[in-house]
Amino acid sequence: MTYRVVWFKRDLRVHDHAPLAEAARLGPVLCLYALEPVLWQQPDAARQHLAFVQESLRDLQVELKCLGGRLHFAVGDAVDVLDRLHRQSPFLGLFSHEESGNAASYERDRRVKLWCEANAVPWREYRQFGVVRGLRERKHWVRQWEQLVQSELMPSPALQAAEVLRSNDPWPSADSLGLEVHEPDRRQRGGRANGLEMLQSFLTDRSATYLGGISSPLSASHACSRLSPYLTWGCLSLREVVQAARLRMGDPALPTRQRLGLEGFMSRLHWHCHFIQKLETEPAIEHHNMHRGYDGLRESDHNEVHLQALKDGRTGWPLVDACVAMLRETGWINFRMRAMLVSVAAYPLWLHWRPVGEWLARQFLDYEPGIHWSQMQMQSGTTGINTTRVYNPIKQARDHDPDGHFVRHWLPAMQKVPDAWLFEPWRMPPEVQTRCGVVVGEDIAMPLVDLEQATREAKQRVYALRTDPAIAAVQADIVRRHGSRNRSAENLSRPRSPEVQAQASLDFS
Ligand SMILES: Cc1cc2nc3c(=O)[nH]c(=O)nc-3n(C[C@H](O)[C@H](O)[C@H](O)COP(=O)(O)OP(=O)(O)OC[C@H]3O[C@@H](n4cnc5c(N)ncnc54)[C@H](O)[C@@H]3O)c2cc1C
C-alpha cells in the first residue's frame with residue numbers, strides 16, 4: 001500500500017494542521033503518535049505533562065475518526081518506531097511540524113533526519129509557530145511572524161486511513177517512565193475541546209479584566225487567557241488563536257476595556273514566538289548562559305538547602321511560599337509571580353537558573369522549552385542584554401496581595417497571623433506568636449537569609465560582571481542574534497555605557 005506518515009508531536013489537533021492537510025492531499029495517511037521514553041525521562045518532564053498529553057490524544061483520536069482516519073499509538077524511540085513501520089510496509093514520506101524543543105528532542109530529530117536520508121524517505125516539516133529555522137538575525141522577523149499568522153488556516157481534510165498497523169501499544173504508566181509521583185490535583189485538563197472553551201470564554205468575557213488583572217495572583221487565574229498549555233501541546237494552533245482574537249477586536253461594538261485587553265494579549269502571542277526563536281537560533285541556551293561572560297557566576301556556589309527550601313515552599317517569604325503551594329496544586333502561576341520566584345532564587349538565594357529551571361519546568365503544565373529557558377536566564381540576569389529586574393517579595397506582596405487573601409488561602413498558618421505582621425511574619429515578637437498560635441520556624445518558615453543584605457550582595461556580584469568592558473563588548477552581538485526589534489517585548493536595555501547600565505539595573509521593583 002502506498003501511504004505517508006503524519007507524525008504528531010506537540011501539535012495534538014487536526015484543525016489548522018499543515019502536515020496532515022498536505023499528506024492527506026497526496027493519498028492515504030497513517031497518523032502516528034510515538035511516546036518516546038527517552039524524552040519522558042528528561043529532568044524537565046512531569047507526570048502532569050503525560051496526563052495532559054493522554055487527555056489530548058483522546059480528543060485527537062475522536063477528531064481523526066470523524067475525518068475517516070485513525071491514530072496509531074506506539075511506544076519507543078522515534079527512529080525505531082519509524083524503522084519498524086517502514087520494514088513492515090514502506091511509506092513514501094514523513095510529514096510533521098518543526099519543533100524547537102529541548103536537547104533530547106533536537107538530538108532525536110537529528111537521528112530521524114539521518115534515518116530518512118538513509119531510507120530515501122522525504123521528511124517534510126511545516127512551521128506551526130512564528131519561528132524561523134536557520135535565522136541568522138532578527139531584522140525581518142516581525143514581518144515573517146505576521147506572514148504566518150495572517151495566512152489562511154489549513155482546513156481539516158477528509159482522510160483515507162492507511163491500515164498498516166493493526167494494534168496500538170499499551171499506554172505506559174507514569175511510574176514505568178520514572179516520572180516523579182506528584183501531580184497537581186487542580187491542573188487544567190488537556191484536549192482541544194477544553195482549549196476551545198477556554199479561548200471562547202476569554203474572547204467573549206474574561207479579556208475585559210486582562211488589563212490590570214494579570215499581575216496579581218488574586219485575579220490572574222481568571223484574567224489571563226489560560227491558553228498556555230493548549231498552545232504548548234498544540235491542541236490549539238497559534239494562528240487560529242491570533243485570527244480569532246483579531247476577529248473579536250474588529251467588532252466595532254467591543255468595549256474599549258476589552259479591546260485594550262486583547263491588544264495586550266496579542267503582544268504576548270508575539271512574545272511566545274519571539275522567545276522560542278531564541279532556543280531555535282541557539283539551542284545551547286537550555287544549558288549554558290546566553291552571555292558566556294557570566295559563566296562561573298553562580299555555578300560553584302550551589303546551595304542545596306536553599307533549593308530544597310524553595311521547592312518545599314519554606315523560604316519564609318509568604319508570597320513566595322504561597323506561589324509554590326499554588327503551583328503544586330494547579331500547575332500554573334501568572335507571569336509576574338513566575339518572575340518573582342526566579343528572581344528570589346537567583347538573587348537572595350543565589351541559585352543557578354538550571355536546577356531551578358528543571359524543577360519549575362516540571363511544575364509548569366505549559367512548559368515550553370524556548371520560552372522557559374529564555375525567561376529563566378532573563379530573570380537570573382545571564383542574558384547580558386536585558387535590564388536586570390530584581391523582584392522584592394515583600395514589595396510584591398504589598399502591591400499585589402495587600403490584604404493577604406492570597407497568602408492566607410495558600411498558607412493556612414498565615415490565617416492566624418495578625419495583619420500587622422502579614423508581610424514580615426518572622427518579625428513577630430514571641431508574645432504575639434504565642435497569642436496567635438503561630439510559631440515562626442515551625443508553623444511558618446524562618447527566612448533563610450536576610451533579604452536586603454543577600455539581595456544587595458547578589459546584585460553587586462552581577463553588576464561587577466555587567467559593567468566589565470569585556471563583557472559589555474559582546475552585548476551587541478547577542479542583541480543582533482536574539483534581541484527584539486520591539487524593545488518593550490522583553491525590556492531590552494539599549495547598548496549603553498557601563499555606568500548607565502549599572503544605574504538602570506538598580507531597579508528593585
Ligand atoms: C521564569 C518563567 C518561565 C516561564 N515558562 C513558560 C513556559 O514554560 N511556557 C509558557 O507558555 N510560558 C512561560 N512563561 C511565560 C508566562 O508566564 C506564561 O506564558 C503565562 O503565565 C501563561 O498564562 P496564560 O496563557 O494565561 O498567559 P497570557 O497572559 O494570557 O498570554 C497568552 C499567551 O502568550 C504567551 N506568553 C505570555 N507571556 C509570555 C512571556 N512573558 N513570554 C513568552 N510568551 C508569553 C503564552 O503562550 C501565553 O499562553 C514563563 C515566564 C517566566 C517568568
Side-chain angles (χ1 to χ4, degrees), residues 10 12 35 39-59 171-195 197-198 201 214 216-236 307-315 318-342 344-345 355-369 371-372 375-376 401 405-414:
R10 291 163 77 104
L12 305 178
L35 192 141
L39 297 190
W40 291 96
Q41 283 153 6
Q42 298 302 310
D44 54 5
R47 192 173 282 248
Q48 61 169 333
H49 301 152
L50 185 69
F52 192 93
V53 166
Q54 190 174 19
E55 290 152 8
S56 303
L57 287 176
R58 278 193 207 116
D59 273 17
W171 186 264
S173 70
D175 290 340
S176 70
L177 294 167
L179 293 165
E180 68 185 2
V181 174
H182 173 71
E183 187 188 338
D185 289 339
R186 286 169 50 200
R187 67 168 171 81
Q188 291 174 268
R189 302 290 138 176
R192 181 165 171 84
N194 289 329
E197 201 179 307
M198 200 51 90
S201 74
I214 62 173
S216 167
L218 282 168
S219 48
S221 303
H222 177 82
C224 290
S225 73
R226 308 302 307 276
L227 292 175
S228 52
Y230 303 103
L231 290 170
T232 286
W233 300 103
C235 307
L236 300 177
L307 180 61
Q308 200 52 51
L310 181 66
K311 288 179 176 179
D312 293 343
R314 301 268 310 164
T315 66
L319 187 61
V320 173
D321 296 344
C323 285
V324 173
M326 175 173 166
L327 255 183
R328 277 186 71 78
E329 199 164 318
T330 68
W332 185 86
I333 191 94
N334 62 323
F335 172 79
R336 181 166 280 258
M337 294 302 112
R338 292 186 199 203
M340 180 197 69
L341 280 182
V342 178
V344 162
V356 177
E358 284 178 0
W359 164 65
L360 284 176
R362 297 193 297 273
Q363 303 305 305
F364 296 155
L365 179 62
D366 58 27
Y367 170 57
E368 174 64 62
I371 303 177
H372 188 71
Q375 284 287 350
M376 287 302 304
D401 185 29
H405 293 309
F406 181 75
V407 295
R408 284 181 169 137
H409 176 79
W410 291 104
L411 304 177
M414 286 297 294

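Worth saying up front: this structure is predicted, and the values here are computed from it rather than measured.
- For the pair R226 and W332, the cation sits on the ring face: its NZ or CZ lies under 6.0 Å from the ring centre, inside 45° of the axis.
- Annotation: side chain of V320 is in contact with side chain of L310 (closest heavy-atom distance under 4.5 Å).
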(Q) Working note: K311 + V324, criterion side chain to side chain contact (heavy atoms under 4.5 Å, CB included); need CA distance, chi angles, decisive distance, verdict. (A) CA-CA 7 Å; K311 288 179 176 179; V324 173; over 6 Å; no
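- Looking only at distances, a side-chain donor or acceptor of H49 sits under 3.5 Å from a matching main-chain atom of A46.
- Counting heavy atoms from C-beta on, the side chains of R336 and P217 never come closer than 4.5 Å.
- Atom CD of Q48 and atom CG of D185 lie 11.0 Å apart (nearest 0.5 Å).
- Here the straight-line distance linking atom OG of S176 with atom CH2 of W171 works out to 10.5 Å at 0.5 Å rounding.
- The minimum heavy-atom distance linking N334 with M337 is given by the pair OD1-CG, 3.0 Å.
- A donor-acceptor pair under 3.5 Å links the side-chain atoms of D401 to the main chain of V407, judged by distance alone.
- For R328, the CZ atom sits in a loose shell: 12 or fewer heavy atoms of surrounding residues, nucleotides or ligands are nearer than 6.0 Å.
- Nearest heavy atom pair, residue E368 against residue R10, reads CA-NH2, 4.0 Å.
- Looking only at atom types and distance, the side chain of T232 has no donor-acceptor partner in the side chain of D366 under 3.5 Å away.
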Q: Could you check D44 against E358 for side chain to side chain contact (heavy atoms under 4.5 Å, CB included), going step by step and ending with a plain yes or no?
A: CA-CA 5 Å; D44 54 5; E358 284 178 0; 5.8 Å; no
Q: Assess whether side chain to side chain contact (heavy atoms under 4.5 Å, CB included) is satisfied between H372 and F364, documenting all intermediate values.
A: CA-CA 9 Å; H372 188 71; F364 296 155; 3.6 Å; yes
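- Put simply, the side chain of Q363 reaches to within 4.5 Å of the side chain of L327, judged on heavy atoms.
- Across F52 and Q188, no two heavy atoms sit closer than the pair CD1-O, 3.6 Å.
- Here the closest heavy-atom approach between residue L12 and residue S56 is recorded as CD1-CB, 3.7 Å.
- In this structure, the side chains of L365 and P229 come closer than 4.5 Å at one or more pairs of heavy atoms.
- The number of heavy atoms from other shown groups lying within 6.0 Å of CD (E197) does not exceed 12.
- Scanning all heavy atoms of the two residues, the minimum distance from C323 to M340 falls at SG-CE, 4.1 Å.
- Between A51 and E183 the shortest heavy-atom distance is CB-OE2, 3.6 Å.
- The OG1 atom of T330 sits 7.0 Å away from atom CZ of R186, with the distance rounded to the nearest 0.5 Å.
- In this structure, R47 does not pair ionically with E180, as no charged nitrogen and carboxylate oxygen lie closer than 4.0 Å.
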Q: Walk me through it: do M198 and L236 pass the test side chain to side chain contact (heavy atoms under 4.5 Å, CB included)?
A: CA-CA 10 Å; M198 200 51 90; L236 300 177; over 6 Å; no
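- Between the side chains of Y230 and N194, not a single donor N or O lies within less than 3.5 Å of an accepting N or O.
- With hydrogens and angles ignored, the 3.5 Å screen pairs a side-chain donor or acceptor of R192 with a backbone N or O of C235.
- Residues F406 and L319 form a side-chain contact, since some pair of their non-hydrogen atoms from C-beta on lies under 4.5 Å apart.
- Note that the CG atom of L341 and the OG1 atom of T315 stand 9.0 Å from one another [nearest 0.5 Å].
- Looking at L35 and V53, their side chains never come closer than 4.5 Å, going by heavy atoms from C-beta outward.
- The closest side-chain heavy-atom distance from D59 to E55 is not below 4.5 Å.
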